[in-house]
Every structure is written in C-alpha cells, then in structure tokens.
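Heads up: the structure comes next, in structure tokens.
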Amino acid sequence: MSRPAYRRPEYHKINKDLFVLTYGALVAQLCKDYEKDEDVNKYLDTMGYGIGTRLIEDFLARSRVRRCHSYSEIADIIAQVAFKMYLGITPSVTCNNASRNEFSLILDKNPLAEFVEELPAGRSSLCYSNLLCGIIRGALEMVHLAADVTFLQDRLKGDSVTEIGITFLKKLDEKKYRRK
Ligand code: MYR
C-alpha cells in the first residue's frame, strides 16, 4: 500500500501579481479619496498595523524563531526571515546609531511597487508602500516592542534604494518576558 504523499505547506496561496496589482488599485483609490499625501500615508500605515497584529501569530508559528535578545537580532529576523517569507526578498540591515536601537532595511527592489514607475503627479510626499511600515509596527507591538517605522528613502522618489527605518522606542529589557 502506498504511503500518503507528503504535502508541502501551501505558502503561495494567491498569485503575487494579482496581489501587487490589487495593492496598486488600493493606493490609487486612496489618492482619489484623500487630497493630502499624509492622509493616504496614515491610512496605509493604519491598515498595515492591523495586518501586522494578525500576521505575527502566523509568523511565529511558521518561522519558529526564538525570542531575540537584542534589537539587532530582531532587525535581522525581520529582514532575513519575515521579508523572505512574505515578500520573497532579503533586505540588507544596517545599524544607524551607537545605542543600537535604530536600524535600516535596505531594499534593492520592492515587490509591492514592482509595476510602478513613478509616483502619480502631484503626489511627491506619498509613501507608496507605507503598508509595510504599519505591518512591521503592528507585528512588533504584539511582541511588546514599540517601534517607529518609516520610509527613509524610496526609489519611487528618485532615491537609489528603498530604505525602511526602524527605531525601537524602549530599552530592551532582557529580564522581561515578552512572549511564550
Ligand atoms: C521575539 O519575541 O524576541 C522575536 C521577535 C520577532 C519579531 C518579528 C517581527 C516580524 C515582522 C513581520 C514583518 C513582515 C513584513 C512583510
């Protein structure tokens, strides 16, 4: 009798292009709905935050990452494990200050903006992929890590790379139990 076939977990549940185009349609609609770029940015960040608060459970279950003991470890996990898992890219990580609580994720390419050549006319302050900042912020908050997450550079704005800045806001208390 043959053994039941091993089934690999189904990670790619929807077509990536469809997702990226849907995201583009969302941003385009928000630009119609809101006059100010800041309002669109805020909306995307808030929406991402909601996603991040739910995504963290899936991430911790699937990745089985252990509790980190430094912000630098956490930044590496986000870049090397989370971005790889959900976006198929591995940003490089730099630490930007001596206190080692400010990091940058440098993206050579941004899958969310794959079909976008430039920002729409008159939208120079739009953070097109701000959803990502919200996702990171929401996910981190669920493991009791308050952080500011913003785009520092964006290829869509003519910068040579896309850079997401993460500033961890509290001193990392090694003794405090953040999650099981
Ligand atoms: C710990 O509890 O010490 C581990 C913390 C790991 C935090 C991982 C945050 C994941 C962020 C997901 C971002 C996804 C972006 C597409």
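Indexing begins at 1, ligand by ligand and atom by atom, following the structure's order. This is a predicted model, so every value here is computed, not measured.
With hydrophobic clusters built from ILVMFWY side chains whose heavy atoms lie under 4.5 angstrom apart, Y49 does not share a cluster with I164.
Proximity of A82 to ligand 1, defined as any heavy-atom pair under 4.0 Å, is confined to the side chain (atoms from C-beta onward).
Between F59 and Y86, the ring-plane angle classifies as tilted under the 30° and 60° cut-offs.
Among L140, I89, L131, D76, the residue whose heavy atom lies closest to atom 7 (C) of ligand 1 is L140.
Side-chain atoms of Y71 and E102 include no donor-acceptor pair closer than 3.5 Å. In this model, no donor atom of one side chain and acceptor atom of the other lie less than 3.5 Å apart for N110 and E114.
Residues forming a ring-ring contact (aromatic ring centres under 6.0 Å, His included) with Y43 (at least two apart in sequence, or on another chain): Y34.
Atoms of ligand 1 found under 4.0 Å from any heavy atom of C68, numbered from 1 in the order shown, are 1 (C), 3 (O), 4 (C). Contact atoms of ligand 1 toward A139: 11 (C) (distance under 4.0 Å to a heavy atom of the residue).
Considering backbone and side-chain N/O of L60, none are found under 3.5 Å from N/O of ligand 1.
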